[in-house]
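Below is one structure, written out as structure tokens, with a few remarks after it.
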Amino acid sequence: MRRYLYPWSKSEVKVFDSDVLVLGSGIAGLYTAIKASEYFKVTVLTKKTIEESNTEHAQGGIAVAIDESDSPTLHFEDTLRAGAGLCDPLTVRILVEEGPSCVEELMDMGAKFDRHDGELALTREGAHSQRRILHALGDATGWEIERALVAKVKDNPNITTLEGRFVVDLLENDIGDIVGALVLNEETGELEGHLAKAVVLATGGLGQVYRFTTNPSVATGDGMAVALRAGADLMDMEFVQFHPTALLIPNAPRFLISEAVRGEGAHLINAAGIRFMDNIPGKELAPRDIVARAIWKEMNQGSVYLDFRPIGQERILERFPTIHQTCLKYGMDVLTMPLPVAPAAHYMMGGIATNSYGETSLAQLYAAGECACNGVHGANRLASNSLLDGLVFGARIVEKIRETIKVKSPSWEEVLSPLGNPCGTGFVNHGTVKQLEDQGLRNRIKDLMWDSVGILRDEANLRKAKELLMAWEGDSVSTCCVEDLETGNMLSVGLAVAKAALDRMESRGGHFRSDYPLHLDELWQRHSLQRKEDYHVRYVPVSGAD
Ligand code: SIN
């Protein structure tokens with residue numbers, strides 16, 4: 001694996017600095033930036049517009065134990081049960097105990113959740129023993145959270161936000177500390193060096209490496225790939241969550257149909273109208289991996305549908321206005337007809353390995369949100385725990401930065417030169433030929449990952465995927481445009497997923513091997529860790545993270 005994705009030289013880079021550099025503008029990035037701005041000058045860089053992130057698309061909500069009948073202990077137990085033996089109890093305890101005050105603070109920042117008779121309304125989702133999911137505007141929770149955080153950031157004199165900035169790679173000094181990021185200004189084509197005393201990756205997931213995904217186009221695994229190239233550990237990359245219910249209509253995107261729909265009483269039925277989840281413990285509200293595989297199996301016999309009608313028309317309109325309207329655009333009225341659905345790649349449980357303060361294996365580099373792996377989600381994330389994760393561990397990163405931040409800012413002189421590929425060519429769109437080739441490469445990656453590293457896996461397919469991805473990575477990848485750079489990142493993270501999945505010879509949570517269908521705690525209740533050298537996988541015990 002090359003150290004830098006893009007050829008550059010120090011002389012061609014325009015230099016900026018701040019105390020804290022945050023890459024990514026979803027819930028983890030913006031919440032961390034706001035908290036950090038109480039003490040530091042912060043720069044937030046984002047690939048497209050500030051609003052465009054996985055957070056904005058979140059429907060179901062944010063899980064938090066605030067009801068009288070609920071408790072952090074019950075939330076802890078549900079999270080561990082869904083995580084199939086791979087959650088770190090220490091970080092889960094922190095998540096559920098510090099979650100309520102973070103959500104309180106989010107509301108103080110302006111996020112408005114739905115209420116019923118003045119009280120916060122709570123819904124249920126798969127594998128939760130209680131109603132503990134806060135939601136907003138019915139089914140547009142992520143949109144509302146993003147709206148509130150963006151308004152707060154724009155109003156904050158200590159935060160500079162720059163849109164259209166693609167992170168190419170991390171910058172380090174000669175003792176290996178991370179001192180900033182090399183960034184491409186998408187509008188001008190210039191390279192920028194953003195120096196900072198602390199760098200926080202909050203760049204989201206990698207759903208786009210799969211042919212079918214609920215994720216927006218920005219989710220190409222960039223943060224995980226830049227961390228890997230800089231030498232950081234990735235953890236549990238074999239664990240990808242496939243959401244059971246995405247819209248399945250030819251030529252329509254796999255639009256997410258929230259798990260909250262099943263939480264409110266919708267049924268999964270097959271082409272004969274039979275509720276095929278009836279004999280499975282938890283039925284439609286079993287953990288996500290179980291529901292996704294049951295649907296996948298049923299799809300061998302024919303189509304699968306989500307029938308909203310048991311919820312009742314009035315309640316559907318109140319709770320799921322976005323889903324209702326979106327499906328209408330495709331000619332499907334969920335008030336009167338069952339909706340065809342299928343699983344799609346949705347969430348990455350693995351990511352950049354961190355401890356319970358978001359610290360990675362590289363000094364001054366932190367990670368939060370979906371690009372990070374701190375052990376709270378184990379092998380299968382409990383529904384609606386991801387937004388909470390972004391808040392709780394984003395806040396803890398700021399605590400750690402306050403304790404450890406250096407007085408002196410890094411200088412451009414101390415940034416290590418890009419030995420090996422020193423001559424920059426500038427960012428030039430070289431035209432169409434190579435670009436078209438790499439569009440082909442992106443499509444090949446997506447198809448291969450879906451077919452061979454998807455919901456059901458086996459040795460022959462995983463080996464084929466690993467070998468093909470390695471061969472493609474060895475070829476020179478075009479760097480003509482941002483899409484090509486993303487494709488380079490997709491190759492790296494796809495390869496990490498395929499290699500970790502090949503090496504884990506058991507089934508657990510989101511990772512299911514048809515050739516090793518058993519869950520084998522004695523051998524495999526361990527986290528996988530990978531570094532860039534050949535994506536070699538080593539294992540560490542599940543424990544408290546520190
Ligand atoms: C959903 O609404 O089903 C998605 C929420 C989540 O992924 O936790």
Side-chain angles (χ1 to χ4, degrees), residues 26-28 53-64 75 78-79 82-83 87 95-96 99 103 113-114 121-128 131-146 204-207 210 213-216 219 239-247 254-266 268 282 284-292 295 306 308 311 316 319-324 326-327 334 339 341-349 351 369-370 376-392 509-510:
I27 188 169
S53 67
N54 257 352
T55 298
E56 197 204 1
H57 298 259
Q59 295 176 1
I62 182 161
V64 62
H75 191 182
D78 291 347
T79 302
C87 293
L95 177 82
V96 299
V103 169
F113 294 107
D114 295 335
L122 295 166
T123 191
R124 219 182 135 189
E125 288 181 354
H128 285 274
R131 291 181 85 89
R132 66 164 71 95
I133 322 291
L134 291 170
H135 45 87
L137 303 164
D139 56 359
T141 313
W143 186 92
E144 168 58 15
I145 291 174
E146 196 68 17
L206 52 62
Y210 285 94
T213 178
T214 61
N215 290 185
F239 296 103
V240 176
Q241 183 167 74
F242 293 85
H243 196 287
T245 56
L247 180 65
R254 291 281 166 107
F255 175 72
L256 176 68
I257 308 297
S258 176
E259 187 152 319
V261 175
R262 281 173 279 132
E264 294 289 343
L268 281 165
E284 278 90 350
L285 290 179
R288 259 184 205 173
D289 57 316
I290 293 173
V291 183
I295 293 176
L306 186 60
F308 285 55
I311 303 174
I316 295 172
R319 284 288 286 110
F320 305 113
T322 314
I323 294 175
H324 176 237
T326 306
C327 293
V334 297
L339 191 68
V341 291
H346 180 61
Y347 187 85
M348 183 55 177
M349 268 77 71
E370 190 173 349
V376 290
H377 304 308
N380 176 51
R381 176 177 62 89
L382 184 66
S384 288
N385 265 357
S386 48
L387 296 174
L388 194 67
D389 171 16
L391 295 179
V392 169

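We count ligands from 1, going down the list as the structure has it; atoms in each ligand are counted the same way. No experiment lies behind these values; they were computed from the predicted model shown. Computation of the quantities below employed the complete heavy-atom set of this structure, encompassing side-chain atoms and omitting hydrogens, waters and symmetry-equivalent molecules.
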>> Taking the side chain as everything from C-beta on, heavy atoms only, tell me whether Q241 gets closer than 4.5 Å to D289.
In response: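 Side-chain contact under 4.5 Å: no.
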>> Is the shortest side-chain heavy-atom distance between L134 and V64 below 4.5 Å?
In response: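 Yes - at least one pair of side-chain heavy atoms lies under 4.5 Å apart.
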> Charged N to carboxylate O below 4.0 Å: is that the case for R124 and E259?
Replying inline: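 A salt bridge is absent here (no side-chain N lies under 4.0 Å from a carboxylate O).
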>> Can you tell me which residue among R131, R132, E125 is in a side-chain hydrogen bond (donor to acceptor under 3.5 Å, both in side chains) with H128?
In response: R132
> Is the F308 to H324 ring centre distance short of 6.0 Å?
Replying inline: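 Between H324 and F308, which both carry aromatic rings, the centre distance is not below 6.0 Å.
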> Does the side chain of H346 come under 3.5 Å of the side chain of T214 through a donor N or O and an acceptor N or O?
Replying inline: yes
> With hydrogens left out, which residues have an atom under 4.0 Å from ligand 1, given that only heavy atoms count?
Replying inline: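 Q59, G60, H243, L256, S258, E259, R288, H346, R381, A383, S384.
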